[in-house]
Undergrad: 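Dumping the structure here so I can ask a few things about it.
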Amino acid sequence: MATHADIQACLGSDAAQYATNKHKGGSSGNKGTRYEDFFIANKVVEAAAQLIELPMSPDPHIQGQHLGFVDDLRIAWPARTHYFQLKNACIVTWLTGEHPIATDFHCQKVLSEHCAEPDPHTSLVVSTSTLADSLAANMPAHIQDHTSVEHFPWHPTINRLVMERPALQGQLAELTHIEQATLDALSGTFGAVLMSCLQHPGGATVREIMVHASRMFPGQLRLLPPTENWENHLLPEFKRFLDAIQGLSYGASRGFFHWMGFGTSGVFGSSVLSEAFQEFQRNIIQTEPTTFEAFEEALP
């Protein structure tokens, strides 16, 4: 990751001062659920879902408002580095203004190569698809080899964002603690990820952000790693009593105990690693329920 000295060494004092001022201005405004915050959380959700689908894939480091010329978001993998600049405006151009976007993108590529960052790429993110298409069609030639344009819509609320993006819904569905989550539950999961992102202004890996989110909002997100056999956390005596109850089926997926029987079902509110669930197991072993009704009575 670049420092003030790196920028000065490869692009000069004026460029270093500009990047420093740009970073200070972005950091001072990095509060609340802004467009940038939603986008960063969206990228964390996207990467987390990828880690669940492919557990052996690299865990990227994500940081918003870092020092550089394309500074709204930096995502770093061992083999590539991706920088994002976000513009939630009706009019965005490549070449106008005192510090044109195209110049910033070119400088970021030069800086990344100076810092020996692997395969640097830059992206401009805008809030309307029409503007994104126009910017992609009119991209200056000298940045085309490392630049792309993305459309990320602006919605003032998390609920609206999740409702309008089916792809995001699918990714969030991989992160929730239950397999058939409602839109409200998906929105809650996105909110948990967002809050965890805001707690890491200096950046963190996706796994670190997700673990922190689980601690901040217990019972909201699935446990990691996805390869863990969570049924191993059910006590043998606990399972012996449940296995003897007619009509009851149960399991422990995504780190949470769930049950079903006689037309009803439920998910325990705390993970299988929690003290609350351990107490529930001890209570079942002590009370020795023999019917589904007795099991339900033992639930907290």
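If you're wondering where the values come from, they're calculated on a predicted model, not measured in any experiment.
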Undergrad: Taking it one step at a time, do Ser271 and Ser274 satisfy side chain to side chain donor-acceptor pair (under 3.5 Å)?
TA: CA-CA 5 Å; Ser271 79; Ser274 67; 4.6 Å; no
Undergrad: Taking distance alone, no hydrogens or angles, what donor-acceptor pairs closer than 3.5 Å link side-chain atoms of residues 134-146 to residues at least two apart or in another chain?
TA:
residue: Asn138; atom: ND2; partner: Ser134; partner atom: O; Å: 2.8
residue: Gln144; atom: NE2; partner: Met139; partner atom: O; Å: 2.8
residue: His146; atom: ND1; partner: Thr122; partner atom: OG1; Å: 2.9

Undergrad: Honestly curious: do Val126 and Ile91 fall in one hydrophobic cluster under the side-chain, below-4.5 Å linking rule?
TA: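 No, because Val126 and Ile91 fall into different hydrophobic clusters, even though each may have its own neighbours under 4.5 Å.
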Undergrad: Under the criterion side-chain contact (heavy atoms from CB on, under 4.5 Å), which of Val44, Val45, Ile52 is the partner of Met210?
TA: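 By the side-chain contact (heavy atoms from CB on, under 4.5 Å) criterion, Met210 pairs with just one of Val44, Val45, Ile52: Val44.
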Undergrad: With under 30° as parallel and over 60° as perpendicular, where do the rings of Phe105 and Trp94 fit, or are they tilted in between?
TA: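 Answer is perpendicular, since the angle exceeds 60°.
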Undergrad: Should the pair Phe257 and Phe277 be assigned to parallel (<30°), tilted (30 to 60°) or perpendicular (>60°) ring geometry?
TA: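 Plane angle between 30° and 60°, so tilted.
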Undergrad: Mind checking the CD-CZ spacing from Gln281 to Phe241? Nearest 0.5 Å is all I need.
TA: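 Spacing of CD (Gln281) from CZ (Phe241) equals 12.5 Å.
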Undergrad: Before you tell me yes or no, could you show the steps for Gln85 and Asp104 under side chain to side chain donor-acceptor pair (under 3.5 Å), namely the whole-Å CA-CA distance, both residues' side-chain angles and the distance that decides it to 0.1 Å?
TA: CA-CA 10 Å; Gln85 195 72 46; Asp104 283 347; over 6 Å; no
Undergrad: Who pairs with Glu288 by salt bridge (Lys or Arg N to Asp or Glu O under 4.0 Å), at least two apart in sequence or on another chain?
TA: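 In terms of salt bridge (Lys or Arg N to Asp or Glu O under 4.0 Å), with neighbours along the sequence ignored, Glu288 is linked to no residue.
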Undergrad: Does anything in residues 160-171 pair up under side-chain hydrogen bond (donor to acceptor under 3.5 Å, both in side chains), and if so which pairs, sequence neighbours excluded?
TA: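 Sorted result for residues 160-171: Arg160-Glu164.
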Undergrad: Heavy atoms only: give me the nearest Pro226-Leu224 pair and the separation to one decimal.
TA: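 Looking at all heavy atoms of both residues, the closest pair is CD-CD2, 3.9 Å.
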Undergrad: What heavy-atom pair brings Ala192 and Gln220 nearest, and what distance separates the two atoms?
TA: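 So the two residues come closest at CB-CG, 4.1 Å.
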Undergrad: Applying a strict under-4.5 Å side-chain criterion to I, L, V, M, F, W and Y, I'd like to know whether Phe292 and Ile284 cluster together.
TA: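 Same cluster.
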Undergrad: Starting from the C-alpha separation in whole Å, work towards a yes-or-no answer on ring pair (Phe, Tyr, Trp, His ring centres under 6.0 Å) for Phe69 and His99.
TA: CA-CA 10 Å; Phe69 297 92; His99 296 284; 9.0 Å; no
Undergrad: At what distance, to the nearest 0.5 angstrom, does OG of Ser214 lie from CE of Met216?
TA: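 One finds 11.0 Å between OG of Ser214 and CE of Met216.
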Undergrad: Please round to the nearest 0.5 Å and tell me the distance separating atom CG of Asp72 and atom OH of Tyr35.
TA: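 Taking CG in Asp72 and OH in Tyr35, the distance rounds to 10.0 Å.
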Undergrad: Closest approach of Ser112 and Tyr83, non-hydrogen atoms and distance?
TA: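 In terms of heavy atoms, the two residues are closest at OG-CE1, 3.3 Å.
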Undergrad: Under the side-chain hydrogen bond (donor to acceptor under 3.5 Å, both in side chains) definition, can you give me all pairs with a residue in residues 225-239, not counting sequence neighbours?
TA: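 Passing the test, one end in residues 225-239: Glu228-His233.
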Undergrad: Checking Phe217 now: which residues fulfil ring pair (Phe, Tyr, Trp, His ring centres under 6.0 Å) with it, not counting sequence neighbours?
TA: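 Per chain and number, Phe217 pairs via ring pair (Phe, Tyr, Trp, His ring centres under 6.0 Å) with no residue.
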Undergrad: Going through the distances and angles, do Arg74 and Glu117 end up as a salt bridge (Lys or Arg N to Asp or Glu O under 4.0 Å)?
TA: CA-CA 12 Å; Arg74 176 182 185 267; Glu117 293 183 330; 2.9 Å; yes
Undergrad: Angle between ring planes, Tyr250 versus Phe238, binned at 30° and 60°: parallel, tilted or perpendicular?
TA: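 Judged by the thresholds at 30° and 60°, the geometry between Tyr250 and Phe238 is perpendicular.
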Undergrad: Going from CG on Leu221 to CD1 on Ile178, what distance comes out if it is rounded to the nearest 0.5 angstrom?
TA: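 Going from CG on Leu221 over to CD1 on Ile178, the span is 11.5 Å.
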Undergrad: Within the supplied structure, the quantity of interest is the number of heavy atoms (other residues, nucleotides, ligands) at a distance under 6.0 Å from His82 NE2; does it exceed 12?
TA: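 Counting other residues, nucleotides and ligands, NE2 of His82 exceeds 12 neighbours.
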Undergrad: Which heavy atom of Pro153 sits nearest a heavy atom of Leu161, and at what distance?
TA: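 Looking at all heavy atoms of both residues, the closest pair is O-CD1, 4.3 Å.
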Undergrad: For a quick test of reading the model, state the closest non-hydrogen atom pair linking Glu174 to Ala49 and the distance between them.
TA: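 Minimum heavy-atom contact is CB-CB, 4.4 Å.
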Undergrad: Shortest non-hydrogen contact from Ala132 to Val149?
TA: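 So the minimum-distance heavy-atom pair works out to O-CG1, 3.6 Å.
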Undergrad: Tell me whether the centres of the aromatic rings in Phe268 and Phe256 are closer together than 6.0 Å.
TA: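 Ring centres of Phe256 and Phe268 not closer than 6.0 Å.
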Undergrad: Is atom CE of Met260 surrounded by more than 12 heavy atoms (other residues, nucleotides or ligands) closer than 6.0 Å?
TA: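 Counting neighbours around CE of Met260, 12 or fewer heavy atoms of other residues, nucleotides or ligands fall under 6.0 Å, so no.
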Undergrad: Going through the checks in order, is the salt bridge (Lys or Arg N to Asp or Glu O under 4.0 Å) test met by Lys43 and Glu150?
TA: CA-CA 12 Å; Lys43 284 299 183 182; Glu150 292 188 25; 3.6 Å; yes
Undergrad: Would you list the atom pairs, donor with acceptor, under 3.5 Å between side chains in residues 54-62 and any protein atom, with sequence neighbours excluded?
TA:
residue: Ser57; atom: OG; partner: Leu54; partner atom: O; Å: 2.7
residue: Asp59; atom: OD1; partner: Val206; partner atom: N; Å: 3.2
residue: Asp59; atom: OD1; partner: Arg207; partner atom: N; Å: 3.2
residue: Asp59; atom: OD2; partner: Thr205; partner atom: OG1; Å: 3.3
residue: Asp59; atom: OD2; partner: Arg207; partner atom: N; Å: 3.4
residue: His61; atom: NE2; partner: Ala204; partner atom: N; Å: 3.4

